[in-house]
Asker: 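A single structure is presented below for examination.
These numbers were taken from a predicted model, which means no experiment stands behind them. Atoms considered below: every heavy atom in the structure, side chains included; atoms not considered: hydrogens, waters and symmetry mates. Positions are given from 1 along the sequence.
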Amino acid sequence: MECLVLFGSQTGNSEQTADNIAAHINANSSKFSHCTSRSMQLDDFLEAEQCYWPELVVIVVSSYGVGQAPIGAYKFRELVDEKASITKNQKILSPVRYFMLGLGDSKYTTFFKNPTQINEGMLNFGARRIGELGKADASDNQALAIKLWCENVCYPGLEKECKKIGGKNDELKLAQKAVWSMCRSLWPEEFKKILGGKKKKSPDNVGGWRFILIPLIVAMIVSFFIARMKFGGGGI
């Protein structure tokens, strides 16, 4: 069993928080029904993990600029925005439960826009948020807000939810295929590979092998005839 901690971070605070949460889960695995954890960027989850959703996810993300996504969350934000523009009826992430913490600075009027959009996007996808949406404001003791959210919302909630993991593999596979299909539609160049890690054979790859093999075969044939000529000359 695994709980992924996904993050988008501009200054490193969200990344550090995500790393700490994953480390806490791993260090106290017995409390979390022997669940393990990894932290990674939201965009890496889409491409490297090929959108393979576990049942439990923790999302830690901030805003950048005027409510835009931070580093490592550009594609994920675009994905949830695209889903909102298509339909609100397909609940493809219904087997997924998530916890969410947003970071920012209230000196900026749009400091919580990106976490809000991603949270709404997850709900729109059909995922179910556990506990309150955390808000850690850099202008109001952000470190304490993170600590309290983890201790009062995230960790107690995870202890309960980890006990419920299991029996949703088929639903998770359907969710993976649906989200992966959306990613391939949005970014066809980056998401060329077939789901499951296999890649289509491209004409370029075939051509590359041809340019290697043909000279090798020619060299072998030439060597063979030179050897025969030498052998024949020595026997006369």
Side-chain angles (χ1 to χ4, degrees), residues 1-19 21-22 25-26 36-65 67-87 90-103 114-115 117-127 168-205 208:
M1 300 185 297
E2 184 174 53
C3 170
L4 288 181
V5 186
L6 307 176
F7 66 88
S9 184
Q10 192 69 31
T11 62
N13 291 337
S14 296
E15 180 176 4
Q16 185 61 61
T17 301
D19 289 346
I21 292 172
I25 294 170
N26 290 326
T36 60
S37 185
R38 290 179 292 150
S39 59
M40 68 178 66
Q41 289 185 337
L42 284 153
D43 290 352
D44 285 344
F45 166 73
L46 294 180
E47 189 164 5
E49 292 292 307
Q50 296 194 343
C51 315
Y52 194 85
W53 294 90
E55 287 185 43
L56 281 178
V57 174
V58 179
I59 299 175
V60 184
V61 70
S62 60
S63 284
Y64 175 68
Q68 299 157 317
I71 295 170
Y74 303 136
K75 284 185 171 64
F76 199 90
R77 170 67 181 275
E78 188 175 345
L79 177 70
V80 298
D81 288 348
E82 176 70 10
K83 176 67 170 66
S85 70
I86 295 174
T87 177
Q90 296 178 0
K91 305 300 183 182
I92 57 181
L93 292 187
S94 58
V96 176
R97 306 184 300 283
Y98 72 99
F99 297 79
M100 185 160 178
L101 173 65
L103 277 69
N114 184 60
Q117 290 293 105
I118 289 181
N119 177 61
E120 291 178 357
M122 289 294 291
L123 294 172
N124 190 17
F125 267 115
K168 295 186 177 181
N169 286 342
D170 290 342
E171 295 173 72
L172 291 169
K173 287 178 182 177
L174 290 175
Q176 178 193 23
K177 289 179 180 178
V179 178
W180 180 257
S181 177
M182 288 185 67
C183 289
R184 291 191 69 184
S185 176
L186 286 168
W187 311 286
E189 289 302 313
E190 292 100 321
F191 290 79
K192 281 181 180 178
K193 52 184 176 288
I194 299 171
L195 193 62
K198 297 179 181 179
K199 294 185 178 181
K200 292 181 179 179
K201 292 181 180 179
S202 67
D204 291 340
N205 288 336

Asker: Measure the CD-CD distance between E49 and Q176 for me, rounded to the nearest 0.5 Å.
Answerer: 9.5 Å
Asker: Of all the heavy-atom pairs spanning P115 and M100, show the shortest one and how long it is.
Answerer: O-CE, 3.1 Å
Asker: Take F7 and Q41, measure what side-chain contact (heavy atoms from CB on, under 4.5 Å) needs, and give me the verdict at the end.
Answerer: CA-CA 5 Å; F7 66 88; Q41 289 185 337; 3.5 Å; yes
Asker: Would you say S37 and N26 are linked by a side-chain donor-acceptor pair, where the criterion is simply a distance under 3.5 Å?
Answerer: no
Asker: Would you say the side-chain atoms of S63 pair up with the backbone N or O of N114, donor to acceptor, closer than 3.5 Å?
Answerer: yes
Asker: Any idea which heavy atoms bring S14 and S9 closest together, and the distance?
Answerer: N-OG, 3.4 Å
Asker: Look at the side chain of D43 and the backbone N and O of Y74, then say whether any donor-acceptor pair between them is shorter than 3.5 Å.
Answerer: yes
Asker: With a 3.5 Å distance limit and no angle check, can you tell me whether Q10 reaches the backbone of I71 through a side-chain donor-acceptor pair?
Answerer: yes
Asker: What heavy-atom pair brings L172 and W53 nearest, and what distance separates the two atoms?
Answerer: CD2-O, 3.4 Å
Asker: Roughly how far, to the nearest 0.5 Å, is the SG atom of C3 from the CZ atom of R97?
Answerer: 10.0 Å
Asker: Salt bridge between K75 and E190, side-chain N to carboxylate O under 4.0 Å?
Answerer: yes
Asker: Which atom pair, heavy atoms only, marks the closest approach of F45 to L6?
Answerer: CB-CD2, 3.8 Å
Asker: Is L93 close to V179 at the side-chain level, that is, under 4.5 Å between some pair of heavy atoms?
Answerer: yes
Asker: Is there a side-chain contact between L103 and V60 (heavy atoms, below 4.5 Å)?
Answerer: yes
Asker: Quick one: does T17's side chain have a donor or acceptor within less than 3.5 Å of a partner on N13's backbone?
Answerer: yes
Asker: Check Y64 against P70 and note the closest heavy-atom contact, atom names and distance.
Answerer: CB-CA, 4.0 Å
Asker: Could you walk me through whether Y52 and W180 pass the ring pair (Phe, Tyr, Trp, His ring centres under 6.0 Å) check?
Answerer: CA-CA 9 Å; Y52 194 85; W180 180 257; over 10 Å; no
Asker: Which heavy-atom pair separates V80 from Q117 by the least distance, and what is that distance?
Answerer: CG2-O, 4.1 Å
